[in-house]
Structure formats: structure tokens, C-alpha cells
There are 2 protein chains.
Amino acid sequence: MNKSEIKVISVLERVGGFASAQQLHQLLLRSGESIGLTSVYRALQSLVDDKIVDQLRKEDGEAIYRLCGEAHHHHLVCKSCGSTVEIEGSALEKWAKAMAEEHGYREVGHLAEVFGICPSC
Amino acid sequence: MNKSEIKVISVLERVGGFASAQQLHQLLLRSGESIGLTSVYRALQSLVDDKIVDQLRKEDGEAIYRLCGEAHHHHLVCKSCGSTVEIEGSALEKWAKAMAEEHGYREVGHLAEVFGICPSC
DNA sequence: AGCACAAATGAAAATGATTTTCATTTTCGT
DNA sequence: ACGAAAATGAAAATCATTTTCATTTGTGCT
Ligand SMILES: [Zn+2]
Ligand SMILES: [Zn+2]
Ligand SMILES: [Zn+2]
Ligand SMILES: [Zn+2]
């Protein structure tokens, strides 16, 4: 855990939700921190690899990040405002596992996102 | 509906699933069509606006497209050799629908892929 | 402290998908 | 056929992200 990662985590805590790399960089600069955009990207990538940060994509393809409290989970994402809800995934987990077993696959993982328009949009 | 849009629809029909703009362009060229990459992007954007084509994003942010109404299905993908199997998704469909309803989301869609190592790898 | 070596940093350049510009070609109505 | 409008695509621009690489910083050892 290097200095950049600590800075990025602290700004993510302050933000308390999703933000893009560029937004986080701006926030850090505005709050007086000295850090390069490259280091923000590097820190985020490393935190995502370590599953400390969740990464997903806006509709325009830009990546957004947020601190990830729990372990493995899935999201319900609003196509319009980007707000997200964590959802219960046991049915999905069972399905993924069953499908993999049925076809003899090992070392199984999965990716699943549900998207739609949220009630307030 | 101009020529480019017709070409793009026909190649999407042939593909029968998701493909990126660049992939579609390559497929069109290989099958002897003459069309510029710009026109492929323009046609896709217009078809998405008209809700004839679905657009979503891979994890790396690249946009992928498919015909709306294309039989919806999911894949089991080998992490090592890339081979894919179509899998049965009714359990997943139910889950996605239930989660969206539970949170009051409308116009719901979802994205799900299962990864693993196939028996022959 | 002094030295060597590894890790971290960030500015600048590269990358790659997508969009914009703009000059040319095609289509369409009269 | 004529002119306006739409379509086309090559080249340039855009923009988030990644890579490169020279410099700085941290760490362990003497
Ligand atoms: Zn919303
Ligand atoms: Zn899961
Ligand atoms: Zn395989
Ligand atoms: Zn499905």
C-alpha cells in the first residue's frame, strides 16, 4: 500500500460513491494533495486488482470507481443516472456454478450486471 | 434507413450476437462489402437511437452491439482457449427480473458471462 | 552517514476507440 | 438535367487510459 493508494482511498472515502479517475485526481489536487494523474490510474488499477475498489463503466465507456465494502456481489445500475444498488446474488451464483459443472469447466468465475431505469429517473 | 445501416444490420444478423464496431467493419470488408469505419459507427449510433440495436460495454470499455430481438442467450467462455458454449439462462433471467422489480427499476436488461477452464484445456 | 538497489512517481508520448470535419459523391424531387 | 439535401469516408481531432522512461524516494546494509 503506497502513498498514491492511500491518497486515492482517502478521497474515495470522502466521495462516498462512484467517481472517475479524472474526477478523483481533480479532487485530490483541489484538496491540496500533490499527485499525478498517472499515479491515480495506477493506484486505482492496483486497488481494483486487490478487490478493494469496484470498477464499472458508464454508458459512454468511462470507468468509474468506488470503495468496495463487501466481498463478491452484483449491482443494479441505472442506465440514466448511474446510481447503483448492491443486489442479492445467491440465485445467480447457483446458476453460474451449475452451468459450469454441467459443461465440465474448472476454475469458474462470472460477471453479471443488471441495468435499467431507477425509480427516481 | 440508408445503405450503411442495411449493411450493418445484415452483418449483425450474420453474427447472431454481440460484436464491436471494428469487428463488424472487418467482417463487412472480408465479405466483400465496401464501407468505411466511420459509416459503421454512424450506422450503429443511429440504430441504437432507433432502438434497433442494443449497445453495451465490455469490461475494458469497448462498446459492443447486437440486434434487438436477437435471441437472448449467455455464454460459458474458456479463459484459456477462448472457446464458448451457449448456456441455458432461465434461472438467471428470473433472478435479474426479480432484482429489478424489487428495486423498482424499469426497462431492465442484464449482462452475464461465466468464465472457466474448459475440459480440453 | 554513505552506498546500492528496488520501488514509486509523474511528465510526456503512445495507444486505441470513437467522434468530428470537410470535401466529394450519390440520391431525390422538380 | 439541375440543384438541394443526404450520405459517405479519409483524415484529423478527441479523450480516457496506458506505456515509457528519467528522476526521486525509500530501505537495508556497512
Ligand atoms: Zn436513475
Ligand atoms: Zn456472483
Ligand atoms: Zn479451453
Ligand atoms: Zn439473460
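Basis for what follows: all heavy atoms, side chains included, without hydrogens, waters or symmetry-related copies. Note on naming: letters A, B, ... go to the chains in the order of the sequence lines (proteins, then strands), and numbering restarts at 1 for each one.
- The side chain of A/Q45 has D/dT18 as its nearest neighbour among D/dT8, C/dT18, D/dT18.
- Note on ring orientation: taking the six-membered ring where Trp is involved, the planes of A/H110 and A/H74 are parallel (angle under 30°, cut-offs 30° and 60°).
- Dashed line: the shortest gap from a side-chain N or O of B/N2 to OP1 or OP2 of D/dT8 is under 4.0 Å.
- C/dG16 atom P lies 14 Å from atom CD of B/Q26, rounded to whole Å.
- Look at B/E101 and B/K94 and you find no salt bridge, because none of the NZ, NE, NH1 or NH2 atoms lies under 4.0 Å from a carboxylate O.
- If you check every strand for non-hydrogen atoms under 4.0 Å, A/S46 touches nothing.
- Look at OH on B/Y41: it is 17 Å from P on D/dT8, rounded to the nearest Å.
- The nearest whole Å value for the distance from the CD atom in B/E62 to the P atom in C/dT19 is 12 Å.
- At D/dT8, none of the side-chain N or O atoms of B/T38 fall inside 4.0 Å of OP1 or OP2 (strictly under the cut-off).
- Residue A/S20 is classed as having no contact, given no heavy-atom separation below 4.0 Å to the nucleic acid.
- Partners of A/D60 under the side-chain contact (heavy atoms from CB on, under 4.5 Å) rule, at least two apart in sequence or in another chain, are A/K58, A/E62.
- Projected onto DNA chain C by closest heavy-atom contact, B/L37 and B/K3 fall at different nucleotides, the more 5' of which corresponds to B/L37.
- A/H25 places its NE2 atom 14 Å from the C1' atom of D/dA16, with the value rounded to the nearest Å.
- Close to C/dG10, at under 4.0 Å from its OP1 or OP2, lies a side-chain N or O of A/S39.
- Rounded to whole angstrom, the span from the CG atom of B/L44 across to the P atom of C/dT19 amounts to 10 Å.
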N/O donor-acceptor pairs under 3.5 Å from side chains in residues 38-46 of chain A, not counting sequence neighbours:
from  : atom 1 : to    : atom 2 : distance (Å)
A/Y41 : OH     : A/Q22 : NE2    : 3.0
A/Q45 : NE2    : A/D49 : OD1    : 3.2
A/S46 : OG     : A/E5  : OE2    : 3.0

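- Following rounding to the nearest Å, B/Q22 (CD) and C/dT15 (C1') show an atom-to-atom distance of 12 Å.
- When rounded to the nearest whole Å, the span between CD of A/E5 and P of C/dG10 equals 13 Å.
- The OG atom of A/S4 sits 11.0 Å away from the CD1 atom of A/I9 when rounded to the nearest 0.5 Å.
- As rounded to whole Å, 11 Å separates atom C1' of D/dT17 from atom CD of A/Q55.
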